[in-house]
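Below, read A as the first sequence line, B as the second, and so on, with proteins coming before strands; counting in each chain starts at 1. What you see below is based on every heavy atom in this structure, not just the backbone, and it leaves out hydrogens, waters and symmetry mates.
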2 protein chains.
Amino acid sequence: MKSHDIDDLLSALAHAERRRMLDLLMEAPGMGVSALASHFAMSRIAVQKHLRVLERVELVLSRKQGRTRHLFFNPIPIQQIHDRWTTKYSAFWSERVVDIKTRVEAAIRDRKENKSA
Amino acid sequence: MKSHDIDDLLSALAHAERRRMLDLLMEAPGMGVSALASHFAMSRIAVQKHLRVLERVELVLSRKQGRTRHLFFNPIPIQQIHDRWTTKYSAFWSERVVDIKTRVEAAIRDRKENKSA
DNA sequence: TTCATAAGTAACCAATAGGTTACTTATTGC
DNA sequence: GCAATAAGTAACCTATTGGTTACTTATGAA
């Protein structure tokens with residue numbers, strides 16, 4: 001997954017209403033655009049724009065049958081980020097951040113003392 | 001964690017250069033603002049603005065000593081999202097999405113057939 | 001003490017995001 | 001066949017994002 005794709009995926013997820021769309025599609029897979037839009041205060045067009053964002057990063061997949069486009073939540077992109085974070089950060093999660101700070105501060109103090117000694 | 005906070009956290013992370021800042025602070029905790037900025041093509045002011053975004057969501061913590069402000073990466077907010085996703089989505093990650101789609105499509109077909117019967 | 005450096009603030013600018021209304025197209029059901 | 005409905009497109013508006021340069025403040029060091 002490219003850095004740019006991660007940008008797009010995370011910013012797609014960084015919007016409460018879009019996450020609520022995913023929640024709704026998780027509960028009721030196969031809804032149409034208008035059916036989904038009926039759950040929101042904003043216009044159908046606005047919902048459609050949010051959907052386009054979600055579809056571009058494949059968090060939402062769709063299949064047209066007749067005049068309605070059925071929408072589906074795809075959890076895989078989230079899993080990809082999740083897995084990446086696991087490998088990258090899980091080692092850090094065990095440490096206490098406060099400790100990192102104080103340890104580094106001590107190191108800075110030491111550096112100074114050595115310099116002036 | 002409030003929905004709005006999640007918005008802020010994810011959009012803070014949805015920027016490749018900001019993530020690179022976190023990477024640099026992970027490797028070299030305690031850097032100052034200018035030292036960090038020296039790794040980027042953009043101006044120091046731009047870096048400072050990105051830092052403000054990261055600090056607001058506590059992905060970066062800082063402590064001022066003398067004239068330099070030492071910066072630290074805090075992995076905890078990422079862990080919080082990670083944990084939330086684990087509980088919310090891990091059940092889905094085992095299924096194949098294609099199966100969800102075809103199953104729902106079948107359900108839609110059935111509904112139609114029952115109606116016309 | 002004075003010069004260099006770390007950091008912050010202000011004002012500005014262009015591009016993008018998030019929303020709207022109005023209009024078009026294509027199925028479906030009576 | 002025709003009215004209602006599902007969806008999509010276009011044009012527009014405002015606020016926010018991401019960047020810039022110019023200026024200020026405060027600390028460290030020769």
Side-chain angles (χ1 to χ4, degrees), chain A residues 3-4 7-21 24-25 28 30-57 59-72 108-109 111-117, chain B residues 3-4 7-21 25 28 30-57 60-72 108-109 111-117:
Chain A
S3 191
H4 181 262
D7 284 14
D8 288 348
L9 178 52
L10 290 177
S11 64
L13 287 168
H15 195 290
E17 295 294 71
R18 280 198 289 259
R19 287 195 304 277
R20 195 154 72 84
M21 291 178 195
L24 287 164
L25 292 177
M31 292 181 103
V33 175
S34 298
L36 179 64
S38 72
H39 293 81
F40 292 86
M42 69 185 107
S43 73
R44 174 182 59 87
I45 312 300
V47 171
Q48 237 166 341
K49 283 194 183 179
H50 284 301
L51 278 174
R52 202 161 28 202
V53 173
L54 293 170
E55 290 183 280
R56 191 158 58 99
V57 298
L59 281 166
V60 165
L61 305 176
S62 77
R63 177 171 293 266
K64 193 153 194 174
Q65 273 179 339
R67 65 177 164 178
T68 89
R69 195 155 62 88
H70 297 281
L71 303 165
F72 304 91
I108 292 166
R109 260 195 306 283
R111 210 192 303 148
K112 273 191 196 163
E113 283 159 19
N114 290 341
K115 213 172 185 180
S116 62
Chain B
S3 191
H4 180 262
D7 284 14
D8 288 348
L9 178 53
L10 290 178
S11 62
L13 287 167
H15 195 291
E17 294 295 70
R18 280 198 288 262
R19 287 194 305 277
R20 194 153 73 85
M21 289 178 196
L25 292 178
M31 293 181 103
V33 175
S34 297
L36 180 63
S38 71
H39 293 80
F40 293 85
M42 70 185 105
S43 73
R44 174 183 58 88
I45 311 302
V47 171
Q48 238 167 340
K49 284 195 184 180
H50 284 301
L51 277 174
R52 200 159 34 200
V53 173
L54 293 170
E55 289 182 280
R56 190 157 60 97
V57 297
V60 165
L61 305 176
S62 75
R63 179 171 291 267
K64 193 153 192 171
Q65 272 179 339
R67 65 177 164 179
T68 89
R69 194 154 63 86
H70 297 280
L71 304 165
F72 303 91
I108 292 166
R109 262 196 304 284
R111 209 193 303 149
K112 273 193 195 160
E113 282 160 17
N114 291 340
K115 209 174 185 179
S116 62

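- Rounded to 10°, the helix from C/dT1-D/dA30 to C/dC30-D/dG1 has 20° between the axis fitted to its first five pairs and the one fitted to its last five.
- With sequence neighbours left out, B/Arg56 forms a salt bridge (Lys or Arg N to Asp or Glu O under 4.0 Å) with B/Asp8.
- Partners of B/Glu55 according to the side-chain hydrogen bond (donor to acceptor under 3.5 Å, both in side chains) rule, which considers only residues two or more places apart in sequence or in another chain, are B/Ser62, B/Arg69.
- Paired with B/Thr68 under the rule side chain to side chain donor-acceptor pair (under 3.5 Å), one option of B/Gln65, B/Lys64, B/His70 passes, and it is B/His70.
- Distance B/His50 NE2 to D/dT17 P: 12 Å, rounded to the nearest Å.
- A search for side-chain contact (heavy atoms from CB on, under 4.5 Å) contacts involving B/Ala46 returns B/Met42, B/Ser43, not counting sequence neighbours.
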Discussion item. Please encode protein proximity along nucleotides 4-13 of chain C as a string of B, S and -, counting only heavy-atom distances under 4.0 Å.
Written reply: BBSBBBBB--
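- Against DNA chain D, the stretch residues 9-21 of chain A makes no heavy-atom approach under 4.0 Å.
- Summarising the geometry, atom CG belonging to B/Leu13 is positioned 7.5 Å from atom CG belonging to B/Leu54; distances are rounded to the nearest 0.5 Å.
- Evaluation of the side-chain hydrogen bond (donor to acceptor under 3.5 Å, both in side chains) rule for A/Ser3 yields B/Arg19 as partners, not counting sequence neighbours.
- B/Arg18 pairs by the salt bridge (Lys or Arg N to Asp or Glu O under 4.0 Å) definition with nothing, not counting sequence neighbours.
- Evaluation of the salt bridge (Lys or Arg N to Asp or Glu O under 4.0 Å) rule for B/Arg67 yields no partner, not counting sequence neighbours.
- With sequence neighbours excluded, no residue satisfies salt bridge (Lys or Arg N to Asp or Glu O under 4.0 Å) with B/Arg44.
- Under the side-chain hydrogen bond (donor to acceptor under 3.5 Å, both in side chains) criterion, A/Ser11 pairs with no residue, sequence neighbours left out.
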